[in-house]
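Here is the structure we will look at.
Any value given below was found using the heavy atoms of this structure, including those in side chains, with hydrogens, waters and symmetry copies removed. We're numbering straight along the sequence, starting at 1.
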Amino acid sequence: GEVVVGVEVVKQNDDLVRLKFSISDTGIGISKEQQERIFQAFLQADGGITRRFGGTGLGLSISSRLAQLMGGQLLVESEMGKGSTFSFEVDLGIQKIIAEPARVLQAVAGLSVLVVDDNETNCKSLDAFDPDVFDLILMDIQMPEMDGYEATQEIRKKEQRTKTHMPIVALTANAMQGDRENCLEAGMDDYVSKPIKFDELAEVIARVVVTGGEEDVVALT
């Protein structure tokens, strides 16, 4: 399963932008009848949910009130057994002074990246660019059939014949002690843990691609 947070622009002018914030899960879902009362304080969609899943029944009530104070309304779309999406729209002022992107982000801009992941959401959030030529592979560790370690080892075997080296950064959802060592032993250049922090990912990419794996990327930041 997964929990996905999204933000999208609904409309915009010179001074204001309306943003839609959403959070979706692949949980147990909420019936149409129960959706009418879940925003009331101390009430749950399922009377036994506190015992089974934890929670007091205050979270949605507080979130709904905060959305109202910002001029929005918290809404829910859900289907039993398939999860739920909560969302609200709010008008926000536009900042006139836009900060320049950090040098480390400029350094990795334009790179072609192959994302190897069996999860569609991860692929969308990371983006796969040029389908033919790549500067870097982002390799998920936990995949069915052939995992990230095995895939990396196969790539490294082929590279021994071609005398090439493709930078590979591992992606892991369950960061454990010794992960980095295991990734390096399998032939990977570095690793980052999910959920992905973009600045951390950009720094790792800059280190393994732009600086050739050197630890010091101060010059880029």
Begin with the C-alpha distance, continue with both residues' side-chain angles, and end with the deciding distance and a verdict on salt bridge (Lys or Arg N to Asp or Glu O under 4.0 Å) for D91 and K20.
-> CA-CA 9 Å; D91 292 325; K20 180 179 180 180; over 6 Å; no
Assess whether atom CD of E185 is packed by more than 12 heavy atoms of other residues, nucleotides or ligands within 6.0 Å.
-> no
Judged by atom type as modelled, is there a donor-acceptor pair below 3.5 Å linking the side chain of D135 to the main-chain atoms of S112?
-> yes
Steps toward side chain to side chain donor-acceptor pair (under 3.5 Å) verdict (T85, S24) | CA-CA 4 Å; T85 297; S24 303; 2.8 Å; yes
For L92 and L19, the nearest pair of non-hydrogen atoms, with its separation, is CD1-CD1, 3.8 Å
Under 3.5 Å, is there a donor-acceptor pair between the Q34 and S31 side chains?
-> yes
Hey, is the main chain of G148 close enough, under 3.5 Å, to the side chain of T152 for a donor-acceptor pair?
-> yes
Which of V204, V113, V192 passes side chain to side chain contact (heavy atoms under 4.5 Å, CB included) with L138? It is V113
Taking M188 as the fixed residue, which of I168, V208, I137, I155 is the one that meets the side chain to side chain contact (heavy atoms under 4.5 Å, CB included) rule?
-> I168
The complete set of ring-ring contact (aromatic ring centres under 6.0 Å, His included) pairs with one or both residues in residues 16-35, sequence neighbours excluded, reads F21-F88
Determine whether more than 12 heavy atoms belonging to other residues, nucleotides or ligands lie under 6.0 Å from atom CD of E159.
-> yes
Exam field: side chain R18 to backbone V90, donor-acceptor pair closer than 3.5 Å = no
Residue pairs passing the salt bridge (charged side-chain N to carboxylate O under 4.0 Å, His left out) test where at least one lies in residues 7-17, sequence neighbours excluded | D15-K96
Taking the side chain from D25 and the backbone from S84, do they hold a donor-acceptor pair closer than 3.5 Å?
-> yes
